[in-house]
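Below is one structure, written out as structure tokens, with a few remarks after it.
The model shown is predicted, which means the values in this text are computed figures rather than measured ones.
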Amino acid sequence: MKKWLMLVVFSSLVFALVACSDDNESAGSDDGGGNDSGDNGETVSLDFWIFGSTGYGELVDEYMEENPNVEITINEGEMEDMHNNLFTSISAGSGAPDIAQIEISAIEKFLDAQDQFYNLNDYGAEDVAGNFLDWKWAQAQNVDGSFQIGLPTDIGPTTMFYRTDVMEEAGLPTDREELAGEIDTWDAYYEAAKTVKAETGKPIADAPQLVFNALRDQQDQQYFNEDDELIIEDTVKEAYDYTTKMIQEDLIGQNELWTPEWGNAMAEGSYATMPGAPGWMVANVKGNAPDAGGNWDIANIPEGAGNWGGSFLTVPAESEYPQEAFDFIAWLTAPEQQLRSFEIAGLFPSTPDVYENEEFLATTDEYFNGAPTAQIFAEAAQSVKTVYMGINYATVDTELNTALINVAVEGADPQEEWDAAVERINSQLERQ
């Protein structure tokens, strides 16, 4: 998975669009099942834009079989291209699909243009709200909760991936529960970092951003309050100071996320932990370190969890079939189908009812020493806090990450980098 940061350019990717022409409406259902559209024998055609490995194709086929008068066409592309094309379409008032998948990093951008989408509360969203985690549901609504732009799909609850071989060399526990019990606070994490460094010569973490992100995501507020006022001095400065202190003490490495060096370090075991790692990071670790199975495991992160990633399904205002589109996405995001998406493509469910499913909880991963991955991530998901992100979240995040990398790679002064980042942030916000 690639973290999409901001809508900056218009892509040239062109999608084949399916024209829709039917005035028939159907009633929404509480459980998101069924669609009684097309009772007059006419076919309702819905165009569905998605990105990533969702496994939705199989589920779409199943839905169309159960609802023969509904025809759904999937257009799949890269996440950034898909968002850019959607933004272009709604800005022009032409070319948007009936249903569009939007990633969490972009949802505030599109909420700012909510008049270009249907308010799903008008079609039955409030009836299915109880299916989802409260914090996930809140991410797709405006501040006062009167407008719901999308229904939740997957999530990315965070944990701590760790190298058992490095922990063993450092004399620390390798059992996931024992390790989580010993490193249960960020102060304990700092002490463990000193032990790892002294005994192995390795840093406890490789990417400064992961440590900062893990701390940031446990806060009640992050970059903005609900009035869109910048509040980073009061919320995440402490996380920044903690991270840069560890950088200066050579307890955290200097590799930037998604670089070849960062990937190679996973395979080489040149550090001990990856804090703030979401469920989808499992695939990244396996891809970068295919021969390191058994050397990686997963434990709870100190002091709670955050969330990194996940999407929503929205209905752009151009759709002629908002009720039919809603009926479909309510079905697709219901607990039963979210469980299927997890089984087919590994999308972690945002519906806590699934967390009680015995087969789901029995999911393990031999690469990670047989860790009960579904159970670990489900527990993390239920401790995530509801946080307002704001439309300019990506601007702030980019600048703070730049400051962290400058401290780690160039040895820059942490306070000077913070001050420079704040100046750049304020300059960009003034131009908004």
Testing the basics here: between [X] and [Y], what is the closest heavy-atom pair and its distance to 0.1 Å?
| X | Y | answer |
| --- | --- | --- |
| F51 | E78 | CB-C, 4.1 Å |
| V315 | F326 | CG2-N, 4.4 Å |
| D47 | D98 | N-OD2, 2.8 Å |
| M274 | V285 | CE-CG2, 4.1 Å |
| D206 | W262 | OD2-CD1, 3.6 Å |
| W49 | S89 | CH2-OG, 3.9 Å |

Practice task
Tell me, please, whether Y190 has K245 positioned over its six-membered ring: NZ or CZ under 6.0 Å from the ring centre and within 45 degrees of its axis?
Solution key: yes
Practice task
With K385 as the cation and W135 as the aromatic partner, state whether NZ or CZ is under 6.0 Å from the six-membered ring centre and within 45° of the axis.
Solution key: no
Would you compute the distance between atom [atom1] of [X] and atom [atom2] of [Y] and round it to the nearest 0.5 angstrom?
| X | Y | atom1 | atom2 | answer |
| --- | --- | --- | --- | --- |
| E410 | Q254 | CD | CD | 10.5 Å |
| L179 | D184 | CG | CG | 10.5 Å |
| T158 | N213 | OG1 | CG | 9.5 Å |
| I99 | Q101 | CD1 | CD | 11.5 Å |
| M82 | N84 | CE | CG | 11.0 Å |
| T386 | D134 | OG1 | CG | 6.5 Å |

In terms of heavy-atom contacts, does [atom1] of [X] have more than 12 from other residues, nucleotides or ligands at under 6.0 Å?
| X | atom1 | value |
| --- | --- | --- |
| E238 | CD | no |
| E65 | CD | no |
| D61 | CG | yes |

Heavy-atom distance under 4.5 Å between the side chains of [X] and [Y], does that happen here?
| X | Y | value |
| --- | --- | --- |
| T243 | L404 | yes |
| Q415 | D419 | yes |
| Q209 | L400 | no |
| L347 | Q338 | no |
| H83 | F110 | yes |
| N284 | M281 | yes |
| Y189 | I204 | yes |
| Q219 | V387 | no |

Between [X] and [Y], a side-chain donor and acceptor under 3.5 Å:
| X | Y | result |
| --- | --- | --- |
| N67 | N69 | no |
| Q323 | D327 | yes |
| E233 | W418 | yes |
| Y223 | R216 | yes |
| Y321 | S45 | no |
| Q337 | E62 | no |
| N225 | Q221 | no |

Under 6.0 Å between ring centres, would you say that holds for [X] and [Y]?
| X | Y | result |
| --- | --- | --- |
| Y242 | F212 | no |
| F328 | F48 | yes |
| F348 | F360 | yes |

Fill in the blank from the handout: Across all chains, not counting sequence neighbours, the side chain to side chain donor-acceptor pair (under 3.5 Å) partners of Q141 are Q148
Expected output: side-chain [X] to main-chain [Y] donor-acceptor under 3.5 Å:
| X | Y | result |
| --- | --- | --- |
| N369 | A371 | no |
| N307 | I155 | no |
| N119 | S146 | yes |
| S319 | P316 | no |
| S350 | T153 | yes |
| Y393 | A106 | no |
| R340 | Y56 | no |
| W280 | W308 | yes |
| Q382 | A378 | yes |
| E318 | P97 | no |

Exercise for the section: Go through I252 and Y271 one step at a time and tell me if the side chain to side chain contact (heavy atoms under 4.5 Å, CB included) criterion holds. Expected result: CA-CA 9 Å; I252 298 177; Y271 60 95; over 6 Å; no
Exercise for the section: Evaluate the criterion side chain to side chain contact (heavy atoms under 4.5 Å, CB included) for residue pair T43 and V70; output intermediate values, then yes/no. Expected result: CA-CA 6 Å; T43 298; V70 178; over 6 Å; no
Handout entry: Salt bridge D297-R163, side-chain N to carboxylate O under 4.0 Å
Key = no
Problem - Working for side chain to side chain contact (heavy atoms under 4.5 Å, CB included), residues L46 and E71 - result: CA-CA 6 Å; L46 302 175; E71 186 177 278; over 6 Å; no
Exercise for the section: Return the set of residues passing side chain to side chain contact (heavy atoms under 4.5 Å, CB included) with E303 (not counting sequence neighbours), or none when no residue passes. Expected result: T185, W186, Q218
Problem - By side chain to side chain contact (heavy atoms under 4.5 Å, CB included) - contacts of E417 (at least two apart) - result: Y240, A403, N406, V407, A412
Practice task
With side chain to side chain contact (heavy atoms under 4.5 Å, CB included) as the test, would you mind laying out the steps for T159 and F377 before giving the verdict?
Solution key: CA-CA 7 Å; T159 59; F377 289 116; 3.4 Å; yes
Practice task
Decide ring-ring contact (aromatic ring centres under 6.0 Å, His included) for F147 and F117; before the verdict, give the C-alpha distance in whole Å, the side-chain angles of both, and the deciding distance to 0.1 Å.
Solution key: CA-CA 10 Å; F147 191 97; F117 293 85; 7.9 Å; no
